[in-house]
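Have a look at the structure below before the remarks.
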Protein chains: 2
Amino acid sequence: MVNSTRKEREYLYREQRILEIARPVIVHEGYHALNMNRIAEQLEYSKGTVYNHFPCKEEIILALAIQTLEQRTEMFQRAARFSGRSRERMQAIGVACELFARMFPEHFVVEQLVRIPSIWEKTSSTRQQQLYRGETCCLTLVSGIVHEAVGARDMTLPTGLTPEELVFGLWSMTFGAYSMLATNSNLPAMGIANGYDAVRSHLRHMLDGYGWRPLDHEHDYDVVVQKVMSEIFHEEASQIFQPG
Amino acid sequence: MVNSTRKEREYLYREQRILEIARPVIVHEGYHALNMNRIAEQLEYSKGTVYNHFPCKEEIILALAIQTLEQRTEMFQRAARFSGRSRERMQAIGVACELFARMFPEHFVVEQLVRIPSIWEKTSSTRQQQLYRGETCCLTLVSGIVHEAVGARDMTLPTGLTPEELVFGLWSMTFGAYSMLATNSNLPAMGIANGYDAVRSHLRHMLDGYGWRPLDHEHDYDVVVQKVMSEIFHEEASQIFQPG
DNA sequence: TGACAAATTTGGCGCTTGGTCAATAATTGA
DNA sequence: TCAATTATTGACCAAGCGCCAAATTTGTCA
């Protein structure tokens with residue numbers, strides 16, 4: 001994995017720097033503020049060199065989305081290592097999901113951006129596949145837990161619903177909620193005060209609705225959350241819940 | 001409400017035409033293909049005249065989002081008139097929601113677009129408020145049914161969760177799912193074959209999870225769906241389910 | 001009706017920016 | 001040392017947003 005030649009290392013380093021330069025721009029100043037001249041200037045190379053790394057602006061945005069998605073994947077993998085009954089393990093994923101969303105709320109803005117057809121179309125199929133792989137990896141990890149639950153008879157899926165489709169529901173809810181929290185400033189005015197808490201409640205009740213044992217009232221999942229936070233995500237949790 | 005002078009009528013008519021021209025462009029060719037020169041050309045007026053109607057491109061996109069949101073509001077209002085027990089009425093909203101998503105899958109693309117901060121920022125606060133009003137209207141309609149359910153003791157909300165926050169969950173799920181269905185071509189490869197059916201299942205189970213009586217197994221909601229489709233959305237349903 | 005004022009429309013222009021490419025510089029290795 | 005290869009450069013082009021002074025149309029009143 002170590003890239004041998006100095007050239008190659010320098011090249012990869014510069015690629016990282018481009019992304020480091022682009023991220024705060026797109027996060028704090030938006031899509032329109034991100035332009036190639038500016039990146040080149042901050043990079044202290046010419047525009048042509050930037051174009052050697054990324055064939056277009058859109059590709060940079062996709063690369064940024066892939067970067068945070070990898071963080072997410074890594075957090076999901078750590079969460080999946082939590083041992084316990086199937087639903088406890090699912091709870092661990094829930095914790096990972098919320099911590100990720102709180103750590104990188106901008107991820108959902110970038111992801112929304114990258115999905116815009118006219119942006120998506122301009123990106124290379126190689127990088128598209130990379131994003132898809134990350135998504136598939138997260139989804140597979142979670143659907144694995146669902147399979148496990150079904151196998152252990154902790155839950156019976158309704159006929160016709162696959163584990164992947166169940167995960168699609170959890171994914172939709174979190175994606176939708178965190179995207180809106182990141183971009184819809186009207187939520188508080190509509191009486192949605194604490195979106196994160198609401199999502200947590202919805203996930204629990206949805207799993208209850210599918211009859212995933214032990215149900216919420218049969219088990220203290222707050223304890224599980226605490227355990228996951230201290231054992232797996234101590235760093236992240238303290239970063240989020242003791243800001244300063 | 002009728003606009004008296006011929007001038008005013010012509011002006012409003014032209015505004016509609018601009019949107020009619022813009023919609024298929026943005027839906028089928030995407031954001032980048034939509035440009036003011038082209039609109040002006042198709043409109044057979046000059047660019048300056050288009051700018052008399054809309055101060056910028058982004059404003060047109062927001063106007064398109066508001067247009068379909070109004071359709072959605074109208075469908076929600078019709079659904080809300082369905083009479084029956086609270087959960088049956090909520091089911092009617094679910095039908096409206098799905099029919100809307102199937103009729104206007106592009107709406108979610110436009111909405112995603114409009115939420116991009118660098119696009120949102122360029123729009124006028126007047127139109128932003130208009131979108132917010134539409135959203136608030138839908139949300140209030142639905143949360144009204146939740147209030148009703150709580151009042152009729154069909155459901156007890158967990159402490160700390162408001163009816164609006166419950167609706168936020170339903171909204172997140174549908175928004176997330178329908179957005180992904182419209183933009184993520186990788187879903188089938190991940191085993192998500194029928195997203196619409198999955199969403200329907202998730203909503204039912206989530207409401208079950210919150211204990212909203214009568215629960216899914218206590219009542220035949222398929223009959224309710226059929227009734228809503230034939231009594232309220234006959235036109236729309238036949239358009240969707242008998243394509244030809 | 002015709003002259004003048006107001007309102008509307010026009011389209012050329014400035015400017016920004018994405019992306020290209022021939023020229024130039026740096027590196028390599030024989 | 002020097003030719004070949006590779007990397008970098010930045011002037012340049014085209015596209016498109018938005019502006020605005022000029023032109024045109026519409027409206028008004030003597």
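Chain A is the first sequence line, chain B the second, and so forth, proteins listed ahead of strands; every chain is numbered from 1. Being a predicted model, the structure only gives us computed values, none of them experimental.
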Spacing of [X] atom [atom1] relative to [N] atom [atom2], expressed in whole Å:
{"X": "A:N37", "N": "D:dC12", "atom1": "CG", "atom2": "C1'", "value": "12 Å"}
{"X": "A:E44", "N": "D:dT8", "atom1": "CD", "atom2": "P", "value": "14 Å"}
{"X": "A:M36", "N": "D:dA14", "atom1": "CE", "atom2": "C1'", "value": "17 Å"}
{"X": "A:K47", "N": "D:dC13", "atom1": "NZ", "atom2": "C1'", "value": "10 Å"}
{"X": "A:L43", "N": "D:dT8", "atom1": "CG", "atom2": "P", "value": "10 Å"}
{"X": "A:E10", "N": "D:dA7", "atom1": "CD", "atom2": "C1'", "value": "12 Å"}
{"X": "B:I119", "N": "D:dC17", "atom1": "CD1", "atom2": "P", "value": "12 Å"}
{"X": "A:I18", "N": "D:dT8", "atom1": "CD1", "atom2": "C1'", "value": "13 Å"}

Non-hydrogen side-chain atoms of B:Q91 and B:F82 separated by less than 4.5 Å: no

Are A:L131 and A:R127 packed together at the side-chain level, in the sense that at least one heavy-atom pair is separated by less than 4.5 angstrom? no

Opening and closing nucleotides of DNA chain C in contact with chain A, under 4.0 Å to non-hydrogen atoms: C:dT17 to C:dT20

Would you mind telling me which of D:dC12, D:dG16, D:dT8 lies closest to the side-chain atoms of B:N35? D:dG16

Using a 6.0 Å distance limit plus a 45 degree cone around the ring axis, check whether A:K57 lies over the aromatic ring of A:Y51. no

Taking only heavy atoms on the protein side, list every residue of residues 48-60 of chain A lying under 4.0 Å from any atom of DNA chain D, sorted numerically. A:G48, A:T49, A:N52

Would you say [Y] and [X] are linked by a side-chain donor-acceptor pair, where the criterion is simply a distance under 3.5 Å?
{"X": "A:Q42", "Y": "A:E20", "value": "no"}
{"X": "B:H53", "Y": "B:R14", "value": "yes"}
{"X": "A:E135", "Y": "B:N184", "value": "yes"}
{"X": "B:Y178", "Y": "A:S172", "value": "no"}

Measure across B:G191 and A:E164 and return the closest heavy-atom pair with its distance rounded to 0.1 Å. O-CB, 4.0 Å

For B:I39, report the nucleic acid contact type (base, sugar-phosphate, nothing); a contact means any heavy atom under 4.0 Å. nothing

Considering every strand and a 4.0 Å limit on heavy-atom distances, what is the contact class for A:R38: base, sugar-phosphate, or nothing? nothing

By nearest heavy atom, map B:Y11 and A:H32 onto DNA chain C; which one lands nearer the 5' end? B:Y11

Do the rings of A:F108 and A:F100 sit parallel, tilted or perpendicular, given the 30° and 60° boundaries? perpendicular

